[in-house]
Engineer: 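I'd like to ask some things about the structure below.
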Amino acid sequence: MPKVHTIQVLRPRASADERDAAPVRSVAALLRSITEERAKPKAKEQEVLDVATAYFLRHGYQGASINAMARSSGISKESIYRYFSSKKQLFEAVMCRELADYGNLLTRLSSTLSTMELRDALVMIAETVLDVATTDRCLQLRRLVFEEARNSPDVGQHYYQIGPEHAYAVLENLFTQHHADFLFETSVMSRHFIALIAWRIMLERECAVRPTPNKQQVREWAEASVGDFMKAFVRTR
């Protein structure tokens, strides 16, 4: 997994509700803490994140407020501020938890790829990425991240490093094992591959041209895309 560099999140002056809250953590620190705590989750903190995720998805970032979130969920405002010092930090934690799950999935996948044939390994990667990326939930979260990244570039930067860059790293590791078979550098190949498997289907999903694909449709798309990739970028013998 690529190294995640800490970028300090700049905060406005704390509101009256936030002055006695927990210390501010950067996005990278949040990711580390959430990843480490997945093995021993704090039940109340996870409950807060579950509520916040659903609320952000329903109302967006700008339309969400801690007070309204607390009223609608039955979780006290004090319980939210016990773990997260602001709406922005709560949103960052929601993003980081989703990325931690995705990153763990890619890490587990990476450990099995070295024993597989190249085509089969690429199909597995494509299915794994698309199974997550094409869901309504993932599309909604991406939109939220992109919206907030306009105001807080560090949010977008960490999303890119921990999400897309992690997938690129898994692919580069696989391509390095088969470097003699390719016409381009491994870093270039990884980006070509993700673009080939994901660009059109993601555009169709974002434009409401295509409904959420089922497992069989994802499999068929992955196999067809990998076939095209192999023809275009892998040396024939």
Side-chain angles (χ1 to χ4, degrees), residues 1-14 18 23-36 38 48-49 52-66 69 83-107 125 128-172 187-188 190-208:
M1 177 176 178
K3 182 178 180 181
V4 178
H5 301 285
T6 299
I7 301 177
Q8 183 64 40
V9 181
L10 299 179
R11 308 283 177 176
R13 182 183 295 273
E18 296 174 341
V24 171
R25 291 175 290 175
S26 69
V27 178
L30 275 167
L31 178 70
R32 285 195 300 272
S33 66
I34 290 170
T35 301
E36 291 164 359
R38 297 299 280 168
V48 169
L49 288 173
T53 300
Y55 198 87
F56 281 128
L57 289 178
R58 186 161 59 250
H59 298 281
Y61 180 80
Q62 296 301 327
S65 76
I66 297 294
M69 192 182 299
Y83 300 106
F84 307 104
S85 64
S86 65
K87 182 176 78 168
K88 184 172 184 289
Q89 191 188 68
L90 178 59
F91 175 74
E92 290 168 352
V94 166
M95 178 191 74
C96 288
R97 186 175 68 161
E98 297 294 322
L99 290 173
D101 289 340
Y102 179 63
N104 290 337
L105 182 64
L106 288 175
T107 298
I125 293 173
T128 300
V129 171
L130 294 176
D131 275 339
V132 174
T134 59
T135 62
D136 287 339
R137 178 188 179 87
C138 183
L139 292 174
Q140 288 177 285
L141 285 168
R142 278 162 49 95
R143 293 181 198 121
L144 287 173
V145 169
F146 297 158
E147 176 188 357
E148 181 57 16
R150 292 182 300 174
N151 301 315
S152 302
D154 60 295
V155 171
Q157 291 161 8
H158 278 274
Y159 168 83
Y160 184 81
Q161 291 171 343
I162 304 162
E165 282 287 2
H166 194 168
Y168 293 146
V170 171
L171 282 162
E172 287 183 36
S187 60
V188 176
S190 66
R191 284 151 179 78
H192 283 327
F193 182 77
I194 293 296
L196 183 60
I197 68 166
W199 183 81
R200 180 180 171 185
I201 194 170
M202 293 298 292
L203 180 62
E204 291 176 348
R205 291 287 293 121
E206 290 283 10
C207 295

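Note that the structure is a prediction, hence the values are computed from the model and not measured. Quick note: numbers below take in every heavy atom, side chains included, and nothing from hydrogens, waters or symmetry partners.
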Engineer: Is there a side-chain contact between Ile162 and His166 in this structure, where contact means two heavy atoms from C-beta onward sitting under 4.5 Å apart?
Structural biologist: no
Engineer: Enter the distance from Leu171:CG to Leu106:CG here, rounded to the nearest 0.5 Å.
Structural biologist: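 With rounding to 0.5 Å, CG (Leu171) is 9.0 Å from CG (Leu106).
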Engineer: Going by heavy atoms in the side chains, are Thr53 and Arg137 under 4.5 Å from each other?
Structural biologist: yes
Engineer: Provide the closest heavy-atom pair for Cys138 versus Ala133 in the form atom of the first, atom of the second, distance.
Structural biologist: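 So the two residues come closest at SG-CA, 3.7 Å.
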Engineer: For Ile194 versus Ala167, what's the shortest heavy-atom pair and its separation?
Structural biologist: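 Residues Ile194 and Ala167, closest heavy atoms: CD1-CB, 4.5 Å.
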Engineer: Atom CG in Leu90, atom CD in Glu92: separation rounded to 0.5 Å?
Structural biologist: 9.5 Å
Engineer: Any Lys/Arg nitrogen of Arg143 or Glu147 sitting under 4.0 Å from an Asp/Glu carboxylate oxygen of the other?
Structural biologist: no
Engineer: Minimum heavy-atom separation for Lys87 to Ala64, with atom names?
Structural biologist: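 The pair with the smallest heavy-atom distance is NZ-O, 2.9 Å.
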Engineer: Could you walk me through whether Leu141 and Met95 satisfy the side-chain contact (heavy atoms from CB on, under 4.5 Å) test, starting with their C-alpha distance in whole Å, then the side-chain angles of each, then the deciding distance to 0.1 Å, before giving a yes or no?
Structural biologist: CA-CA 8 Å; Leu141 285 168; Met95 178 191 74; over 6 Å; no
Engineer: Looking at CZ of Arg191 and CD of Glu165, how far apart are the two atoms once the value is rounded to the nearest 0.5 Å?
Structural biologist: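 So the gap between those two atoms works out to 5.0 Å.
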Engineer: Nearest heavy-atom pair of Arg142 and Tyr159: which atoms, and what distance?
Structural biologist: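 Taking every non-hydrogen atom into account, CG-OH, 3.2 Å.
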Engineer: Considering only heavy atoms from C-beta outward, does the side chain of Leu99 approach that of His158 to under 4.5 Å?
Structural biologist: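 Leu99 vs His158: side chains apart.
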Engineer: Which atom pair, heavy atoms only, marks the closest approach of Gln89 to Ser85?
Structural biologist: OE1-N, 2.8 Å
Engineer: Atom CG of Leu105 and atom CG of Asp131: how far apart are they, to the nearest 0.5 Å?
Structural biologist: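 Reported value, rounded in 0.5 Å steps: 8.5 Å.
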Engineer: To the nearest 0.5 Å, tell me how far Thr135 OG1 sits from Gln140 CD.
Structural biologist: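 Nearest 0.5 Å value for the OG1-CD distance: 8.5 Å.
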Engineer: For Phe91, give me all partners under ring-ring contact (aromatic ring centres under 6.0 Å, His included), at least two apart in sequence or on another chain.
Structural biologist: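 Partners of Phe91 by the ring-ring contact (aromatic ring centres under 6.0 Å, His included) criterion, ordered by chain and then number, come out as Phe56, Tyr61.
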Engineer: Check Ala52 against Val94 and note the closest heavy-atom contact, atom names and distance.
Structural biologist: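 Between these two residues, the closest heavy atoms are CB-CG2, 3.9 Å.
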Engineer: What is the distance from atom OH of Tyr83 to atom CG of Leu49, rounded to the nearest 0.5 Å?
Structural biologist: 10.0 Å
Engineer: So Lys88 and Asn151, do their side chains get closer than 4.5 Å, heavy atoms only?
Structural biologist: no
